[in-house]
Structure formats: C-alpha cells, structure tokens
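Here is the structure we will look at.
Hydrogens, waters and symmetry mates play no part in the numbers below; they use all other heavy atoms, side chains included. Counting starts at 1 for both ligands and their atoms, in listed order.
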Amino acid sequence: MEKQKKSFKPNKKFIKNANVNSEDIYKTGLDKESFWGNLANDLFWHKKWDKVCEENPPYSKWFLNGKINVSYNCLDRHIKNGKQDKIAFYWEGENNQEKILTYNDLYLEVNRFANALKSKGIKKGDRVVINMPMIPEAIVSMLACTRIGAVHIVIFGGTGPIGIKERVIHAEVKLVITSDGGYRRGKIIPYKEIIDQALDQVDCVKDVIVVKHSKNKIPFNEKRDSWYHDLIIDAKEFCPVEEMDSEDMLFILYTSGSTGKPKGIFHSTAGYLLGVYQTTKWVFDIKDEDIYWSTADIGWITGHSYVVYGLLSNGATQVIYEGALDHPNYSRTWEIIEKYKVNIFYTAPTAIRTFMKWGNEWIDKYDLSSLRLLGSIGEPINPDVWLWYYEIIGKSNCPIVDTWFQTETGALVISPLPGISALKPGSICKALPGFEAKVLDEKGNETNKGFLALTKSFPSMLRGVYKEEKRYLETYWSKWDGKYYYTGDGAYVDEEGNINITGRLDDVIKVSGHRIGSAEVENALVEHPHAVEASVISVHDEIKGEKIIAFVILKESASDSNKDIEKELKKLVEISIGRYARPTKIFLVDELPKTKSGKIMRRILRNLLIKQPIGDVSTLENKSYIPILKNIIEEIQL
Ligand code: WTA
C-alpha cells in the first residue's frame with residue numbers, strides 16, 4: 001500500500017455547474033447496454049442500431065446494424081441546430097498568424113475537399129495518409145475522409161521517411177495529403193520533400209495533394225501531385241455523407257509495441273465516436289461557451305480524440321497552435337491562454353515539467369484567470385509537478401484531470417470526473433462510468449499491485465491490428481486467455497481504491513509522451529552497415545520522463561571510422577522512426593550481457609547505467625565482460 005497523499009476537492013461553484021456532479025452516474029454505468037444505448041441517442045443516426053452490444057471478447061461489437069457518419073455528427077448536426085456561426089477553431093501560427101473558422105466555414109471546406117478526394121477516385125474503405133503540420137487543412141482532411149468513408153492514417157509530422165514508407169506500403173495507401181512545409185522554432189519542416197523520399201519506388205500511391213502553407217519552393221511531380229487550393233476551387237459545394245455501418249473502420253493509427261514494427265490500430269465508426277463525444281463532455285466538462293486548448297498533435301491519439309473528434313462532436317470552440325511552445329520565448333503558452341481566454345487546458349507531464357524548469361517569471365506577467373480546468377495526459381505525472389501545475393497555472397482554483405487512455409482505447413478510460421472526484425496528485429482515480437478497469441495478477445485475480453486490465457467491453461475499444469490478427473490476439477488478449485484486455489501498464493490501487501500507474505511493463509518506452517518500441521530502435525540501429533547487434537533500454541529523465549540509451553556492437557572492420565558512427569546511428573533512427581526516438585547516448589561495445597541461451601540481459605545494462613548492483617548473474621554467460629562494460633559506462637556522464 002502506498003502512503004497517503006493529500007487530496008483536493010473541486011470548489012463548490014465548479015461542482016454546481018459541472019456536466020456531471022452526481023456519483024449515481026457510476027451506478028447507472030454498471031448496466032452498460034442501457035447506459036451506452038441512452039447516451040448514443042445524442043448522436044445523429046441515419047439508422048438506429050438493432051442491438052447495443054454483443055460482448056464477445058476479443059471481438060465485441062457495438063450498435064449493431066446502426067448507420068452513422070462522423071463528419072455529419074461533427075458538422076452538419078451543429079449547423080442544423082443553428083450553430084453555423086459558432087467558432088470551431090482559433091488557429092494560431094508560430095509567427096502570430098491567425099485564422100478563425102466557424103462551423104460553417106469548416107463544413108463548406110470539408111464538403112469541397114471530400115468532393116476533391118472523390119474526384120481522385122477515393123471511395124469508402126480506401127486508405128489515405130495525412131502527414132501535415134497543425135493547420136486547419138489537416139483537420140479538414142480528416143473530416144473529409146470520414147465524410148466519404150475513406151480510412152485515414154494520420155502520420156505524426158516528426159516521422160522519418162522510412163517510417164512513412166513502411167506504413168504506406170503496409171496499408172496499401174492510395175493517396176497522401178501533405179503540405180509544402182510547416183513551422184517549428186522559426187525553421188520550415190520540409191513535409192513535401194520527406195513525402196517524396198518516402199514514396200520513392202512506392203506504387204500504390206497514385207496522388208499526392210499538397211497544401212500551400214509555408215510557401216517555400218518544393219519539388220512538384222505534375223503527374224502525381226496537385227495543389228489543395230486548386231482542387232478546392234474546382235470542387236462542388238456539397239458532398240453527401242456516406243452512411244457508415246457502426247462497425248465500419250473509421251481510421252488506422254500506427255503505434256509502437258514490443259516488436260520491431262509499429263501496429264496499425266484500427267477503430268470502429270460508431271463506438272469510437274460515442275466514446276470520445278461522451279468522455280469529452282464528462283471529463284473536460286465542456287460547455288457551449290468554453291474555449292479549449294490541447295497542445296496535442298493530430299498525429300497521436302490525443303489529437304484524434306481530444307482535438308478533432310471529441311471536441312467537434314460536442315460543437316466546442318478550441319484553439320490550435322502550429323508551432324513550438326518555446327517560440328519565440330518561454331511565455332508562448334501563457335500568451336496564447338491570455339489572448340484567447342482559454343478555459344480548459346490539456347497538455348502532457350513532459351510539457352509541465354519543462355514549464356517548471358523554465359521558471360515562473362515567464363508565467364507571472366500573464367493573466368491566466370480564464371482557466372477553470374486543467375488536464376494531463378500521456379505519462380505518469382509526478383506529485384510535485386501536479387502540485388506546481390495546480391498552484392502556479394491553476395492558482396489553486398482549477399481541478400486537474402489526470403487522464404489515462406491509449407491509442408487502443410480510443411477514448412479516455414480512467415480519469416477523475418472534475419465535478420465529483422477528490423483529486424490526488426499522481427492518481428488517475430478510477431474507471432469512468434460505463435468502463436471497468438482492474439489491477440490483476442498473472443492469474444487474473446484482483447490484487448493491489450500488478451497489471452492494469454480492462455475487464456469489460458466498451459464502445460471505443462480498438463477492433464484490431466490492421467492485417468495482423470494474430471498480433472492483436474497475442475498482444476492484448478493472451479495474458480488471461482482472451483477474457484480481459486491487457487494494457488501493458490503496471491498499476492497499484494491505493495487506500496481509497498484509486499488506480500495509480502507505475503509505467504509500462506513491456507518494451508514500450510515513453511519519451512516526452514511519445515510511444516516508442518525499443519525493438520524498433522534496435523532494428524533501425526542494426527541497419528547500419530557496421531552494426532552487428534544493438535540493445536536499447538530507457539532510464540529516467542527529469543524532463544522527458546524517460547530517455548533512450550543504446551548499446552551497439554560494431555564489426556571489427558569499423559574500428560577506424562568509429563568517430564562518426566554514433567552520429568550516423570542516430571541519423572538512422574531519425575529517418576527510420578523519427579527525431580523523437582533518437583537515443584540520448586549510444587555506447588559502442590564489444591559484447592552485450594547475455595544468458596547462456598543468448599538473451600540480452602537488459603536489467604544488467606540498466607543497473608550499470610543507474611549505478612545500482614547488477615543483481616543475480618547466475619544465468620549470465622559472459623561475466624568477464626561486465627567490468628569492461630562498467631568502465632565504458634562510467635567514463636561517460638549521461
Ligand atoms: C501511458 C497516449 C500514466 C500509459 C494517450 C499508456 C499514462 C500509454 C497516462 C498509452 C496517465 C497514458 N498516467 N501513464 N495519465 N496516460 N499513459 O497510446 O503507459 O501513446 O499505456 O496514448 O501512455 O500511450 P499512447
């Protein structure tokens with residue numbers, strides 16, 4: 001049992017006005033069929049479902065035989081309700097450029113662009129890649145795909161060309177949407193050039209649509225490429241929506257796991273939409289007059305669920321910001337909150353730790369009194385960081401929702417409800433109404449400290465791993481014989497019965513909230529012609545949460561040119577995965593600690609790095625190399 005920490009109750013005014021403020025909702029949520037069935041009535045259905053849920057793990061289905069469209073629910077529904085002039089987005093560029101889009105503006109642009117996609121031959125079920133900076137056209141592209149039933153695959157802007165190519169080939173993508181460039185710390189990120197490299201010798205992509213944004217000169221392949229603005233002008237104004245079956249695939253999002261290649265997680269249409277719609281309402285307590293800002297990029301699940309679909313399905317107003325939070329200076333975040341009078345702010349612990357490091361003087365001169373609710377996502381938040389966020393940003397007046405979910409769960413699963421829960425720094429509270437999460441032991445019995453499991457089906461759960469059914473079953477459902485979903489996280493239950501996350505138990509590393517598979521980094525490193533073997537581990541980092549450390553064995557012939565090899569190895573990781581996965585340090589070694597059966601003992605590497613006893617070495621084969629390894633590590637301060 002962990003020691004008791006102080007807890008915080010939301011203030012009376014917040015409770016009174018909260019979208020949910022009665023504990024009864026947890027009880028109602030126990031009857032999941034009638035609970036989710038009732039909530040689903042808020043959405044617009046072309047045809048209502050015959051049955052709410054067919055619980056059949058690992059293949060549960062929701063809203064069977066219903067017909068629904070996501071774009072309709074995010075746009076048309078609000079316009080029909082008289083909200084056409086409501087602002088959907090305040091877009092802020094890195095250099096203070098501004099753009100405002102009402103729901104009607106968004107509706108018109110999405111309709112036109114959906115027709116443009118159709119004119120390129122895109123139809124229901126086709127896969128479309130979106131690789132773009134945080135600009136309105138990126139969101140228009142996502143919505144246009146959902147309007148015509150195309151399956152979008154958003155790829156994070158920092159992904160390297162090899163990573164993009166692998167996804168494009170794996171999903172047999174027909175069309176790519178990108179931009180001429182995007183801004184980051186005053187520099188232009190060359191999106192189009194990266195796409196050109198990624199598509200070199202790829203046959204499946206017939207069209208590339210380019211948004212003119214940074215207006216820098218780019219290579220243009222007349223046969224394959226077209227400009228977004230040309231297509232929009234030529235396109236018809238109205239595009240009827242595709243009536244999608246509830247269980248039709250909505251999107252694929254690739255994410256890292258324990259093995260070498262990212263998995264294409266796919267979601268259903270109705271269940272996903274309902275999950276993000278409802279959790280936005282509950283957890284972010286979204287109101288018609290609120291202005292919401294999430295710093296998440298649309299390349300990750302948080303951007304999909306809590307920038308695009310959760311907020312737009314609620315008809316909310318939000319800020320999106322393209323650039324870096326430290327550009328042109330460390331006050332950028334607070335300047336934006338003051339400028340747009342942001343009420344709800346959602347970011348990652350990494351960002352909060354960075355704000356803390358920069359110092360309060362960058363914050364003090366800004367008026368943050370518009371804030372009423374704060375959120376955190378993506379990795380465990382240390383209690384001291386939670387308290388700083390609460391006091392310095394929230395002025396001890398805003399509840400903090402420490403929200404837990406995964407690419408796989410689509411919507412938030414475990415989180416405080418800000419009008420109900422007593423908040424405890426570092427605790428994610430308990431499963432939201434209609435969801436069920438338990439901490440289990442190896443055998444599937446409830447315990448205080450163990451594996452985090454999701455033990456009941458819910459609408460927004462992933463429906464599979466694209467083209468890899470076996471992997472789907474093995475990764476998520478094999479631990480407890482197909483009965484419960486295994487999250488990959490370790491957790492404990494505290495004295496109040498609340499869940500606290502201890503971190504990943506598999507080989508997934510979280511660097512600044514980005515999800516990276518250690519095997520993926522190892523695979524990228526051994527692509528180097530001089531590399532023989534690699535082992536990647538992570539150690540704690542004050543700001544980024546974790547940092548990646550790699551050990552690489554080189555061929556003997558490489559010894560003369562070792563000087564630049566570390567740089568080259570890092571570059572390889574950058575083009576194969578992305579900059580965010582670059583190891584902080586690469587140790588060039590002659591051997592790796594291995595068991596007699598040849599398994600690398602990562603524990604020894606980790607303990608040597610953090611200067612802890614290496615523990616039991618009875619199964620270690622090459623004991624004599626340990627002192628040498630220790631010397632190599634000690635010579636370099638991390
Ligand atoms: C971690 C990110 C602690 C967790 C939305 C999970 C968290 C993984 C929290 C999913 C939290 C997410 N506290 N850890 N509040 N939220 N995680 O798919 O390890 O990129 O399994 O989705 O992030 O990462 P993903």
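- For the ligand labelled ligand 1, residue P380 lies inside the 4.0 Å heavy-atom shell.
- Residue contacts with ligand 1: W300 is excluded, as none of its non-hydrogen atoms falls under 4.0 Å.
- At under 3.5 Å, a nitrogen or oxygen of R515, whether backbone or side chain, sits near a nitrogen or oxygen of ligand 1.
- Side-chain polar atoms of T279 and Y306 form a donor-acceptor pair below 3.5 angstrom.
- F14 pairs by the ring pair (Phe, Tyr, Trp, His ring centres under 6.0 Å) definition with nothing, not counting sequence neighbours.
- Within ligand 1, the atoms closer than 4.0 Å to a non-hydrogen atom of T403 are 9 (C), 11 (C), 15 (N), 16 (N), numbered from 1 in the order shown.
- No cation-pi contact links K263 to Y472, judged by a cut-off of 6.0 Å to the six-membered ring centre and 45° from its axis.
- Remark: K479 fails to qualify as a cation-pi partner of Y484 under the 6.0 Å distance and 45° angle criteria applied to the six-membered ring.
- For ligand 1, the polar-atom distance check finds an N/O of G378 within less than 3.5 Å of one of the ligand's N/O atoms.
- Of all the atoms in ligand 1, the ones that sit under 4.0 Å from a non-hydrogen atom of I301 are 5 (C), 22 (O).
- For ligand 1, the atoms sitting less than 4.0 Å from at least one non-hydrogen atom of D402 are 11 (C), 15 (N), numbered in the order shown with element in parentheses.
- For W300 and F405, the ring centers sit 6.0 Å or farther from each other.
- Within the listing of ligand 1, atoms 3 (C), 14 (N) sit less than 4.0 angstrom from a heavy atom of I501.
- Listed by first and then second residue, the salt bridge (charged side-chain N to carboxylate O under 4.0 Å, His left out) pairs involving residues 405-422 are E408-R515 (not counting sequence neighbours).
- Of the protein's non-hydrogen atoms, D489 OD1, 2.8 Å is the one closest to atom 19 (O) of ligand 1.
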